[in-house]
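Structure record follows, encoded as structure tokens.
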Amino acid sequence: LEFLVVNNMFISNLDNKDKKYYECGKIVGNYLIKNGIPMLARENGLMLFAKTKRLQKVINDMPLYLQLLIKGGVING
């Protein structure tokens with residue numbers, strides 16, 4: 001069996017002015033990816049994800065330290 005791994009396959013020029021997508025920084029974004037949420041794009045240092053019930057569940061189950069860092073404005077989430 002052969003597997004093809006393709007890197008950097010993101011949507012380009014994704015407009016998020018109306019906040020249709022969840023955007024966050026690298027720390028929260030990596031947490032979401034590790035929990036099975038696919039990233040749609042990277043824009044200006046932010047990671048964008050589709051707003052879904054699954055995404056919201058992962059965010060709700062996020063470790064307390066990440067929640068506190070986001071609420072305190074230390075990281076972008």
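Both backbone and side-chain heavy atoms feed into the values below; hydrogens, waters and symmetry mates do not.
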Check [X] against [Y] and note the closest heavy-atom contact, atom names and distance.
{"X": "Asn60", "Y": "Gln67", "result": "O-NE2, 3.7 Å"}
{"X": "Met39", "Y": "Leu48", "result": "CG-O, 3.5 Å"}
{"X": "Lys26", "Y": "Met47", "result": "CA-SD, 3.8 Å"}

Value rounded to 0.5 Å, distance of [atom1] in [X] from [atom2] in [Y]:
{"X": "Lys71", "Y": "Leu66", "atom1": "NZ", "atom2": "CG", "result": "12.0 Å"}
{"X": "Tyr22", "Y": "Leu55", "atom1": "OH", "atom2": "CG", "result": "7.0 Å"}
{"X": "Leu40", "Y": "Lys51", "atom1": "CG", "atom2": "NZ", "result": "12.0 Å"}
{"X": "Ile70", "Y": "Asn76", "atom1": "CD1", "atom2": "CG", "result": "8.0 Å"}

Q: Please check if Leu68 and Val74 belong to a single hydrophobic cluster, counting links between Ile, Leu, Val, Met, Phe, Trp and Tyr side chain heavy atoms closer than 4.5 Å.
A: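 No, it is not one cluster - the side chains of Leu68 and Val74 are not joined through contacts under 4.5 Å.
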
Q | Cluster link Tyr65 to Ile27, ILVMFWY, side chain under 4.5 Å | A |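 Yes, Tyr65 connects to Ile27 through the hydrophobic network.
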
Q. Quick check: does any side chain N or O of Glu23 sit under 3.5 Å from a backbone N or O of Phe49, one acting as donor and the other as acceptor?
A.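 Checking the backbone N and O of Phe49 against the side chain of Glu23, no donor-acceptor pair under 3.5 Å is found.
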
Q. When you look at Leu46 and Cys24, which way does the side-chain contact (heavy atoms from CB on, under 4.5 Å) test go after all the steps?
A. CA-CA 5 Å; Leu46 296 173; Cys24 60; over 6 Å; no

(Q) Out of the candidates Thr52, Val58, Ile59, only one should pair with Gln56 under the side chain to side chain contact (heavy atoms under 4.5 Å, CB included) rule; please name it. (A)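 With Gln56 as partner, Thr52, Val58, Ile59 yield a single side chain to side chain contact (heavy atoms under 4.5 Å, CB included), made by Ile59.
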
